[in-house]
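Computed from heavy atoms alone, side chains included, the values below leave out hydrogens, waters and symmetry copies. Chain A is the first sequence line, chain B the second, and so forth, proteins listed ahead of strands; every chain is numbered from 1.
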Number of protein chains: 2
Amino acid sequence: MIKKIKDERTIVSNKMIYLQQVKQNNMSEVLGRIWQYRQASRVELVERTGLTSGTLTNLTHELIEMNVLRENESISGNVGRRRVMLGFDPRVYRIIGLDIGRTALEIVVMDLNGEILQSIERDMSGCKGPEEYFRIITPIVNEVKKGLEAEGCKILGLGAGIPGPIDYDQGTLLAPPNFPGWEGYPVQRVLEEQCGLVTLIDDDARTSAMAERWYGLGKSSQNLVFVTMGVGIGGGVVSGGAIVRGANGLSGQVGHMTIVQDGKMCDCGNRGCWETVGSIPGILSRWAQGGTIEEFQAAIKRREPEALQCLDKTISYMETALVNIQNLYDPEVIVLGGRLYPLLSDSMDSLKPRFQSRLYAFAKDRLRIESSTFGTSQGAVGAAALLLNFLLSEPVRLLSLTEG
Amino acid sequence: MIKKIKDERTIVSNKMIYLQQVKQNNMSEVLGRIWQYRQASRVELVERTGLTSGTLTNLTHELIEMNVLRENESISGNVGRRRVMLGFDPRVYRIIGLDIGRTALEIVVMDLNGEILQSIERDMSGCKGPEEYFRIITPIVNEVKKGLEAEGCKILGLGAGIPGPIDYDQGTLLAPPNFPGWEGYPVQRVLEEQCGLVTLIDDDARTSAMAERWYGLGKSSQNLVFVTMGVGIGGGVVSGGAIVRGANGLSGQVGHMTIVQDGKMCDCGNRGCWETVGSIPGILSRWAQGGTIEEFQAAIKRREPEALQCLDKTISYMETALVNIQNLYDPEVIVLGGRLYPLLSDSMDSLKPRFQSRLYAFAKDRLRIESSTFGTSQGAVGAAALLLNFLLSEPVRLLSLTEG
């Protein structure tokens, strides 16, 4: 008897969950379409989503009430009628993006149209371990938050990019190379507690890929690989519009593919990794004269043969790595960024045709290599994109967290 | 006025499409759960899918009527009650899987439980070009089809695996290396016309991956990479349970990652590809004595130093390639197969610890390398899996095609 009642209750509660799920899916569909086209009329949304006009009107009404969408000025349609266009409302909701780097910190504030409203940078070189970092991060985020709230804004949440790999279940860092003291540190929980915001974290190469996916080149490319080159070399993979993490959060570790067979040991455990020869320390270790990356750059400018030779070899390793990335992931575009990239970008004109000549003949004209859209702000913008992605995929859930 | 009526019609027709879509999604959910657990009671299905008991009863009734599902003998539940379990019905529907290889052909007939009921092989060495192939393929498939129909069976469709890459829009082959005469050949259309069956085609490395995903190791691993080694080296990637094709159908071309920096030219356009050193022709080109793969195998058995040295180098290239695959895709399991694999499998005991020692310390215990489940039938079984995948994801559509 008790069993029976329990069964019925389960069914009722499942039905409620199911209806919430249907609403979430419908809202996600509507928001996704509006994001894709920047704005859309209700008639267009009905046509494109297959929702009934009544359902659509209810959903958009709710989203306008919540300041997620707004009605933009009417524009004339192709039959001479004037239509009300729906777009994201940039006035109320804010997203905070945080990029925690090995030598620098950046915080951006973005609106729901993807505009960067505010950007704060801090030099962190010399700063050791998470406690020192958070003595700087927490006050800045809380000040930004206070300022936004004073303006009447609501904060959708905080996204943070950090050097990976990440334990996604625990919200902690897993053995990040060259980032001592962070192993096992509960970044997500600490941020959530100290800033009181919905918080998402991800590997900084993945947040960089997310920046392209939602705010940059990804608007037209649903398959892309972001490669970030600096002290390390990382990758973020977007496939069919979704970020790919892999079974252990290690997908896209392009810096740790072996480029030099029987090459030298890497911190990751592998040998001859691209990172061991192609990152900033990798280049400097191969530069006969030795010095800092700034000195190397100056030597390139002076066209010193040893430096030029080292640069040539760097580009040749990069060419091989990019061909491998293309042949394994088959993205529409490979996007390059990171602190090292500006130094290499002059060589891209010579690299691109060599890269293309090594691809399948029928596909080579379709493939592209591009520079990152947001330069040094890529990681922070992408961290904000984590929240946009959450809003577009699970709007009911995120908005209930924010409103609660 | 006309505009208005048109709008209303659009809405009505959209609503019907939408309801069909909802039914398709619900049916897909139900079939997916039953596949996952082999069988399930209606109560379990209600709990796991969130559907109402009424909707579930209607859906399963329809699927039983169509001979997709059947009620299996009641078994005692954990509270002593007896429940009717739903499972796939293996009696009526059949799937035909076809593997078109460079030197052999295989056709399998499978039921909806994934049992191989029939298997036909043909040696195709010496056979040149698609016309010659189809003079053999078409009569065999049509005979199999006639036999099945005479038994009262219905054929869900025909899946075919062929050496890729494939133009998925056109259903043709794109420049398959070592497979002269097939470029641009409309394999899918020819099969469909000559056999009168719903036909899906895919790259043979992808069908091999699909065989694991649906009938083999993929039951517990939603992220896997299948590597097939023979005359060529190919890869099929399953991520989150779905096959990954990439922007140009070229995802997973693991044989065409550069393993030897500045190595020799490959047919694909790249240099130093794994395939140039690790495939059957690649191995033979490095074997000082020279000969066929059978002679190489015999020399290994006799423990001839030159052959052993060549094998060692082959394993070392493979080790590097597998580390790269692991670091780029992060699958739960890498599955190895193909005609060359049996020759290399004795060396796996020494390769595995070397492979593991090159991975991130925290993840190395979670990663696995396994042998393919279906040996030489892998491609044909996987070709059948293309249809199973279609049934589980778009049941309404496939069943209406089959019934029509």
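In this structure, the side chain of B:Asn327 does not engage the main chain of A:Met257 through any donor-acceptor pair within 3.5 Å. No side-chain donor-acceptor contact under 3.5 Å links B:Tyr360 to the backbone of A:Asn270. At distances below 3.5 Å, at least one donor-acceptor pair connects side-chain atoms of B:Asp330 with backbone N or O atoms of A:Asn248. Side chain of A:Asn223 to backbone of B:Gly246: no donor-acceptor contact under 3.5 angstrom is found. Within the 3.5 Å criterion, the main-chain N or O of A:Leu250 finds no donor-acceptor partner in the side chain of B:Tyr329.
Interface residue A:Leu367: only side-chain heavy atoms are found under 4.5 Å from chain B. When heavy atoms are compared at a cutoff of 4.5 Å, A:Val244 approaches chain B solely by way of its side chain, counted from C-beta outward. With a 4.5 Å cut-off on non-hydrogen atoms, B:Gln356 does not touch chain A at all. Interface remark: B:Asp262 contributes side-chain atoms only to the contact with chain A (heavy atom separation under 4.5 Å). In this structure, chain B has a heavy atom under 4.5 Å from the backbone of A:Ser357, while its side chain stays farther away. Contact annotation for A:Glu183: neither backbone nor side-chain heavy atoms come within less than 4.5 Å of a heavy atom of chain B. Contact of A:Phe362 with chain B is made through the side chain alone, with heavy-atom distances under 4.5 Å.
Of all the listed residues (A:Gly240, A:Pro165, A:Ala363), the one sharing the greatest number of non-hydrogen pairs under 4.5 Å with chain B is A:Pro165.
Going from atom CD of B:Gln261 over to atom OG of A:Ser316 covers 4.5 Å, rounded to the nearest 0.5 Å. Taken from CD in B:Gln326 to OG in A:Ser251, the straight-line distance is 10.5 Å, to the nearest 0.5 Å. Distance CG/B:Leu328 to CG/A:Leu328: 6.0 Å, rounded to 0.5 Å.
Side-chain contact annotation: B:Arg271 with A:Thr320, donor-acceptor N/O pair under 3.5 Å absent.
Taking every heavy atom of both residues into account, B:Ala247 and A:Pro331 meet most closely at CB-C, 4.0 Å. Annotation for A:His256 and B:Asn324: closest pair O-OD1, 4.3 Å, computed over non-hydrogen atoms.
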